[in-house]
Protein chains: 2
Amino acid sequence: MDIFSTLQEEKARLSPSENRIADILLNDFEFAVNASIIELAEKADVSPPTVTRFCRRVGCESFSDFKVQLARTAYVGMRYLRPEPKSRDPADVAQDIITKAQNALFLLHRSLDLAAIEHAAEKIAKAEMIYAFGSGGNSSMIASELQNRLFRFGLHVTASSDHGMQLMLAAAAKSTHVIVGSSFSGRNTELVRSFTLARETGVTTIALTQADSLVAKAADIVIPIDLAEGNNIFRPTSTRIAYLAAVDILASLVAYNIPQAAVTLRRIKQQLVAHRDGDDRQLLGD
Amino acid sequence: MDIFSTLQEEKARLSPSENRIADILLNDFEFAVNASIIELAEKADVSPPTVTRFCRRVGCESFSDFKVQLARTAYVGMRYLRPEPKSRDPADVAQDIITKAQNALFLLHRSLDLAAIEHAAEKIAKAEMIYAFGSGGNSSMIASELQNRLFRFGLHVTASSDHGMQLMLAAAAKSTHVIVGSSFSGRNTELVRSFTLARETGVTTIALTQADSLVAKAADIVIPIDLAEGNNIFRPTSTRIAYLAAVDILASLVAYNIPQAAVTLRRIKQQLVAHRDGDDRQLLGD
DNA sequence: AACTTATCACGAAAATAATTTGCAAGGATC
DNA sequence: GATCCTTGCAAATTATTTTCGTGATAAGTT
């Protein structure tokens with residue numbers, strides 16, 4: 001558990017002095033990580049012992065432990081406060097995008113429902129056929145990414161971003177099949193229709209989408225991806241990167257659920273080694 | 001500049017005692033961030049003053065400054081040492097993937113050639129037509145991502161993952177056009193051919209690829225993406241995320257190079273707001 | 001070759017600074 | 001008015017840094 005989560009949970013229960021310390025952390029993080037206990041105490045207008053007690057309160061052993069914890073989580077966890085890059089200077093834009101992407105990964109990791117993903121992975125590994133559905137540029141990319149990952153494990157998979165096609169595939173699917181659908185907004189009603197139709201035949205439906213959304217409600221297994229407070233601040237790219245990472249995790253777990261996974265993975269690795277040896281024949285997966 | 005870069009540069013010039021300290025950092029990082037100067041000194045079999053001197057040597061103010069620096073860069077910068085997740089446990093797999101993705105972003109940021117990206121962005125913003133080329137699953141995703149981003153700014157753009165089509169488009173392109181090609185391996189010879197053909201007509205060619213690769217040599221402007229030592233260790237997904245982030249940066253800079261960018265961006269934002277208001281009409285870019 | 005002399009790495013101990021603990025005073029709450 | 005909580009003070013403890021001196025190595029000198 002990182003400090004900032006603890007802080008948000010505990011904040012209400014903190015005393016006035018401790019609250020002043022918390023405010024400094026949130027507002028002037030750069031100062032906080034570099035300050036000594038005395039400097040921090042002065043700035044918060046409290047005594048050093050109070051700072052020590054504060055550190056214990058938020059789950060740290062000591063003040064120095066606290067600083068280390070702060071430095072490690074905060075590097076990726078605290079910068080989304082700025083909705084726009086500082087300036088149009090390329091360096092600022094780059095830093096902004098990189099930070100937000102890392103942040104999205106951080107938040108994804110924190111809110112990941114591993115049980116759901118593992119459950120989904122088991123179903124996918126056993127499926128006779130897998131359909132990856134998603135539309136609208138972002139989710140369609142996720143769908144083809146799923147196809148791209150899963151076929152390498154010897155699974156039967158097809159991706160579609162076409163609503164009409166999705167409906168037909170869903171109608172034709174059997175109970176041994178699995179549909180994985182992605183919707184960033186959670187309000188892709190066509191996807192909901194495909195899910196509903198498929199479930200009538202007992203097809204397993206898996207959704208990568210916002211928790212409690214329309215799409216989520218229509219699926220058997222939901223892999224919720226909620227980028228919490230950031231949702232409105234992040235540009236879609238950050239969210240997309242989080243989705244990609246989620247797909248990556250899902251695909252890796254699928255691999256582990258397939259008996260010959262070790263063999264498959266070894267073969268993939270040999271491929272990679274062959275790449276590096278540098279012969280010029282066309283590479284798989286450029 | 002982070003500590004680990006400094007360390008690699010300085011390592012040769014360090015004294016034996018200092019080298020022992022460096023080894024502890026590299027091998028037992030967890031210990032190092034949590035240890036006091038005395039504990040660290042003991043483990044390295046040196047005296048505390050030597051540790052202090054070491055910290056100064058690698059560019060830190062003091063030992064505690066050193067620990068903070070260590071903690072902040074290392075969170076994303078140091079974990080690629082483990083080529084495989086600790087276990088097949090979902091939590092470990094997830095952590096492994098997230099860390100490697102963050103790490104890829106970190107390394108990308110560090111090695112980014114901003115001048116090249118800015119230069120590319122200017123060309124793209126002024127282009128009458130833009131072709132986004134890439135094949136093989138990964139790069140084709142990058143190509144469609146480019147299309148997906150650029151058309152929103154009112155630019156004329158088409159993506160293609162088909163070598164034959166790419167050649168024809170390249171042959172038909174004019175000097176006011178721009179081709180953006182992506183190749184993870186840098187050895188997509190068909191892309192090289194398209195680039196070479198296009199340059200005969202004075203078409204600007206931009207490559208997202210490994211520096212000094214075949215593809216890089218064939219392009220006018222190279223946006224190098226080298227994930228240094230990690231290249232062979234990372235699974236392709238991490239690299240792909242880095243590429244995506246690079247595209248995101250490029251696209252943002254393109255937006256800033258278009259006169260009505262502010263207006264466009266505002267309109268995009270209004271779109272986002274409209275989304276959240278929750279009417280159920282089909283959303284753009286699900 | 002032997003003897004300075006300079007330079008550097010390093011640790012011991014002292015000095016300093018930072019952190020924690022124990023305790024008591026001041027408030028708030030019941 | 002008793003109790004509990006918060007807080008700061010001062011002392012104790014601990015950590016860190018500085019100072020200083022030793023020994024090693026290298027370069028120059030006799």
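Chain letters run A, B, ... following the sequence lines, proteins first and then strands; every chain starts at 1.
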Mind checking what makes side-chain hydrogen bond (donor to acceptor under 3.5 Å, both in side chains) contact with B:S182, not counting sequence neighbours? B:S139
If you compare every side-chain N and O of B:S64 against the phosphate oxygens of C:dA18 (OP1, OP2), does one of them come in below 4.0 Å? no
Can you pull out the residues from residues 38-57 of chain A that lie within a 4.0 Å heavy-atom distance of DNA chain D? A:D45, A:V46, A:S47, A:P49, A:T50, A:R53
Rounding to an integer number of Å, can you tell me how far B:I37 CD1 sits from C:dT19 P? 13 Å
Partners passing side chain to side chain contact (heavy atoms under 4.5 Å, CB included) against B:P224 (at least two apart in sequence or in another chain): B:D113, B:A211, B:V222, B:D226
Can you run down the salt bridge (charged side-chain N to carboxylate O under 4.0 Å, His left out) pairs that involve residues 44-66 of chain B, sequence neighbours left out, and say none if there aren't any? B:E18-B:R57
Excluding sequence neighbours, so at least two apart, what forms side chain to side chain contact (heavy atoms under 4.5 Å, CB included) with B:E42? B:I38
Separation of B:R20 atom CZ from C:dA9 atom P, in whole Å? 14 Å
Applying side chain to side chain contact (heavy atoms under 4.5 Å, CB included), name anything that partners A:A94, two or more places apart in sequence or on another chain. B:L112, B:L114, B:I249
Outer limits of DNA chain D sitting under 4.0 Å from a non-hydrogen atom of chain A, read 5' to 3', are D:dT6 to D:dA10
Hey, are B:R149 and B:D248 close enough for a salt bridge, meaning a charged N less than 4.0 Å from a carboxylate O? yes
May I have all residue pairs that pass salt bridge (charged side-chain N to carboxylate O under 4.0 Å, His left out) and include part of residues 19-29 of chain B, sequence neighbours excluded? B:K11-B:D23, B:D28-B:K43
In whole angstroms, how far is the P atom of C:dT19 from the CZ atom of A:F66? 12 Å
By side chain to side chain contact (heavy atoms under 4.5 Å, CB included) - contacts of A:A242 (at least two apart): A:A104, A:L108, A:L227
